[in-house]
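Data block below; observations after.
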Amino acid sequence: MTDFVPATTVGEPSIGYDPAAVERKWQARWEASGTNAPKLDGAPRPYYALMMFPYPSAEGLHVGNLFAFTGCDIHGRFQRLRGHTVFEPFGYDAFGIHSENYAIRLGIHPAELIPRNIENFRRQVQRNGLMIDWSHELATTDPAYYKWTQWVFLQLHKRGLAYKKKGAVNWCPFDKTVLANEQVIGGACERCGTMVEQRFLEQWFFRITAYAERLLKNLDHLDWSESTKTAQRNWIGRSDGAEILFVVQDLMEYAGSATASAGQSGEVTATAMEIRVFTTRPDTLFGATYLVLSPEHPLVQELPGDDQRDEVEAYVARAAKQDLVTRKTNRDKTGVFTGAYATNPASGEPIPIWVADYVLMEYGTGAIMAVPGHDERDHEFAKKYDLPILQVVAPTPNTVDVREAAFVETDNCHLIDSGHFSGLSVEEGKAAIVSELASHHAGNAVVNYRLHDWCISRQRYWGPPIPILYCDTCGVVPVPEAQLPVELPNIEDFTPDDSGVSPLARHEEWYLTTCPNCARTARRETDVSDTFLDSAWYFLRYPSTDRNDVAFDASLTKHWLPVTSYIGGNEHAVLHLLYSRFITMVLHDAGLLSFEEPFTRFRAHGLIVKEGAKMSKTKGNVVNPDQYIEEWGADAFRTYLMFLGPYEEGGDFRDKGISGVRRFLDRLWLSVHDARTDGDIDDTVRRKLHQTIRKVGDDIPRLGYNTAIAAMMEYMNTMRSGERRPHVDEVRPLVQMVSPFAPHIAEELWETLGHTRSVFDSGWPDYDPALVVEDTFEMPVQVNGKRRAVITISKQVDETAALAAALAEPTVAKFVTGTPKKIVFVPGRLLNIVV
RNA sequence: GCGAGAGUGGCGAAACUGGCAGACGCACCAGACUUAGGAUCUGGCGCCGAAAGGCUUGGGGGUUCGAGUCCCCCCUCUCGCACCA
């Protein structure tokens with residue numbers, strides 16, 4: 001309970017504002033009357049206001065969560081005031097390694113821990129007064145939900161978009177578990193500090209790369225934060241280049257190994273070994289002085305002669321042992337010569353073939369042509385191993401020495417020492433060389449994407465089992481849809497072990513089952529799927545949570561989706577949003593959805609810091625929302641969160657600051673209770689009111705919450721200035737404007753004002769455009785750009801009259817000596833006299 | 001290194017297509033009402049200066065009658081990506 005006893009200044013004492021009581025009252029009423037749970041079927045003007053659902057941690061709701069939710073709620077409540085039927089659902093992203101690790105640390109089973117966390121989250125969210133429709137709540141850990149997550153997997157599998165292949169993972173030999181990249185710090189396991197290794201495991205992938213171009217192109221037409229779109233573009237990373245074939249020389253020398261792999265006699269030279277490389281700089285082909293293969297490249301086994309074999313193998317083994325993070329972070333170039341040579345198709349020169357871990361197998365072809373003269377990485381490597389460096393691109397005049405550093409500029413540069421291509425610009429050179437290669441079947445233009453296929457396998461316990469069976473007779477068999485969900489069994493030993501497979505693989509009683517095709521014994525897939533899959537479709541589920549027979553109801557989906565407004569953190573700018581788009585496109589292609597982009601509008605909110613520093617448990621500066629709501633009330637807390645900075649940039653939470661918005665709400669309370677009903681409303685107040693309605697109505701949709709609140713405070717100051725007692729007609733619209741921010745007090749005051757229906761059904765106040773414009777204004781008068789006076793003058797005044805009025809001011813006249821050289825008059829703005 | 005964003009009073013921050021820099025709030029100062037006030041109300045509050053006036057949006061140049069806003073160079077911070085050929 002609060003110990004706050006508001007005081008009054010004006011005669012009659014009003015009942016003090018007691019947020020705890022008001023908030024309790026209205027939360028109970030909303031629930032009882034179902035105000036926040038609209039009838040979805042055929043609802044007029046549907047508006048789907050989605051907030052990113054949280055991972056329900058054991059620590060409870062973070063202010064960051066509340067900041068995000070509140071901003072979304074305000075948007076939703078505003079749209080409701082504008083007459084939309086607003087659907088604002090809530091749920092929990094409760095599967096995943098994060099929950100699992102936490103459960104392991106506490107020694108509590110996640111199946112026990114998570115429901116407790118969820119309950120706590122729900123309590124906190126409810127306390128904050130969000131307009132959530134609780135009748136559509138969901139949790140990804142609920143079998144009634146993940147049944148459909150598994151169904152989504154099957155839809156992809158059906159369409160050939162889910163496949164299995166070996167992929168590299170981080171492996172901690174001490175904890176005996178697979179680690180995500182974020183769990184590897186400086187090459188060591190974040191929990192035990194043991195150096196992490198690379199392991200190759202069979203894993204399930206989604207072929208998101210097949211959608212790369214579409215995912216990229218559609219971005220152009222989405223109403224999303226520009227920064228988010230840029231992040232996605234970079235992540236997809238389209239690059240235009242060419243693949244070029246290099247023929248390995250002196251094949252006969254390696255006939256032994258080549259025949260062994262070909263499996264039979266003689267004609268080895270006919271099937272000459274070729275190396276395909278990807279490059280974005282085909283124009284530099286004449287400068288390619290060596291080739292580099294990634295250690296994982298298949299030809300690495302075949303190329304080395306007897307002299308080099310041991311060294312190459314040792315190098316490859318060393319690279320394999322290294323974890324993925326260190327390998328990608330370690331900038332020191334290392335490599336070994338294979339002993340083999342290839343022919344540069346342009347110059348005809350033999351060039352050595354090396355193996356080095358700075359070339360990655362997962363990008364392009366896993367092999368590159370090294371052009372040390374024009375690539376910094378190749379230059380560094382060539383220096384270290386004393387390989388030739390040639391210059392084939394030059395600016396005019398050529399002042400470049402490529403032995404010193406790679407020359408990477410391309411603008412206004414031309415090719416040199418490149419046969420008959422010399423003299424062409426870089427752009428022309430690219431095209432000409434590629435087309436010449438193409439005519440010899442030695443290369444062609446190719447587009448590459450940085451985007452990889454999405455690995456969805458997790459060798460973990462806390463996730464939905466991947467709905468696949470392995471049968472000795474039938475092979476890989478998808479679980480029939482009718483048999484979903486494949487329930488996650490409640491096992492005690494859910495901690496990962498050294499096998500490199502999921503804990504589920506220890507439970508024969510679970511994974512042994514019958515093949516639906518041949519009725520023989522089959523094994524279940526024991527990996528679970530990535531949490532990102534759970535969240536890649538949850539927005540489709542919300543409207544249809546009552547349906548147990550389908551993932552989403554066709555007509556509800558048509559009516560409510562795509563999501564009208566989605567607000568969330570930019571930390572999900574790439575993965576979550578990209579995966580959601582991908583899954584939506586796939587379901588669209590499968591004829592299950594009429595749209596292919598899930599979120600019509602997306603805005604990223606900012607980050608909250610505390611007194612200029614990031615909040616963290618170790619610093620002990622984490623803001624506990626409960627404590628603040630206790631002391632100040634949810635309305636003040638919400639309003640303060642929105643006031644402390646621009647929503648899309650975040651802000652700085654300072655303990656002292658909240659008193660300002662609380663004072664504002666106190667004054668609002670007072671103004672309503674003390675409002676007079678007699679007499680007229682004042683002209684200046686009326687004008688200010690209409691300006692405020694316009695400003696707040698403009699600011700809220702663009703998430704300018706801090707300035708909207710400032711405008712209302714300003715109006716409050718005007719309304720009450722000089723201990724003025726406001727008129728009830730001046731206060732009423734303010735209650736409506738405040739309501740999205742401080743819904744409980746607004747409802748209470750709305751009732752006090754004599755209304756019987758919710759303020760959220762009262763509509764948004766209108767403003768009169770005629771009242772917004774001022775007829776006089778304070779015109780600054782400058783002399784030589786320096787302000788010398790401000791005169792109050794009609795907005796319609798013309799230059800002559802303005803000048804005359806200005807020169808009448810002594811402070812102006814004093815600086816105007818002689819005739820003005822120039823008069824700059826901006827009607828309705830200012831006057832500048834240049835002398 | 002690459003990409004995105006940001007640097008404005010003691011502090012959090014405002015500022016439309018270039019047009020009074022500092023709205024709104026915190027803190028602070030003075031006053032009023034008070035037995036009292038960590039309540040409320042009124043007024044003040046960028047810096048220098050007694051004033052006139054001068055200076056001021058990370059630093060340096062430029063365009064303009066006029067620049068926080070546009071252009072060039074540099075510095076710092078935050079976030080994301082990170083040997084992507």
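Residue numbers begin at 1 in each chain, while the letters A, B, ... track the order of the sequences. Below, each value reflects all heavy atoms present in this structure, side chains not excepted, and no hydrogens, waters or symmetry copies.
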Inter-nucleotide [atom1] distance ([N], [M]), Å rounded:
N      : M      : atom1 : answer
U76(B) : G59(B) : P     : 15 Å
G19(B) : G10(B) : P     : 25 Å
G18(B) : C71(B) : P     : 11 Å
G46(B) : A27(B) : C1'   : 15 Å
G60(B) : G9(B)  : P     : 15 Å
G25(B) : G5(B)  : C1'   : 25 Å

Expressed in angstrom and rounded to an integer, what is the separation of [X] atom [atom1] from [N] atom [atom2]?
X       : N      : atom1 : atom2 : result
L703(A) : A13(B) : CG    : P     : 17 Å
W354(A) : C83(B) : CH2   : P     : 21 Å
E226(A) : A4(B)  : CD    : P     : 11 Å
F67(A)  : G12(B) : CZ    : C1'   : 13 Å
N570(A) : C81(B) : CG    : P     : 11 Å
E649(A) : C79(B) : CD    : P     : 15 Å
R450(A) : G3(B)  : CZ    : C1'   : 11 Å
L293(A) : C83(B) : CG    : P     : 19 Å

* **Full working for side chain to side chain donor-acceptor pair (under 3.5 Å) between Y363(A) and S294(A)** => CA-CA 10 Å; Y363(A) 188 76; S294(A) 155; over 6 Å; no
Find the partner of [N]: check Watson-Crick (N1-N3 plus N6-O4 or O6-N4) and G-U wobble (N1-O2, O6-N3) distances, both under 3.5 Å, and reply none if neither fits.
N      : value
U40(B) : A32(B)
G25(B) : C11(B)
A4(B)  : U78(B)

* Asked: If you look at every strand shown and take non-hydrogen atoms under 4.0 Å, does R724(A) touch a base, only sugar-phosphate, or nothing?
  ->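 The residue R724(A) makes no contact with any strand.
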* To do: Check the side chains of T707(A) and D699(A) for a donor-acceptor pair under 3.5 angstrom, ignoring hydrogens and angles.
  =>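 The criterion, which ignores hydrogens and geometry beyond distance, is satisfied for T707(A) and D699(A).
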* Scan nucleotides 17-31 of chain B nucleotide by nucleotide, 5' to 3', and note B when protein non-hydrogen atoms come under 4.0 Å of the base, S if they reach only the sugar-phosphate, - if neither. => B-BB--BBSS-----
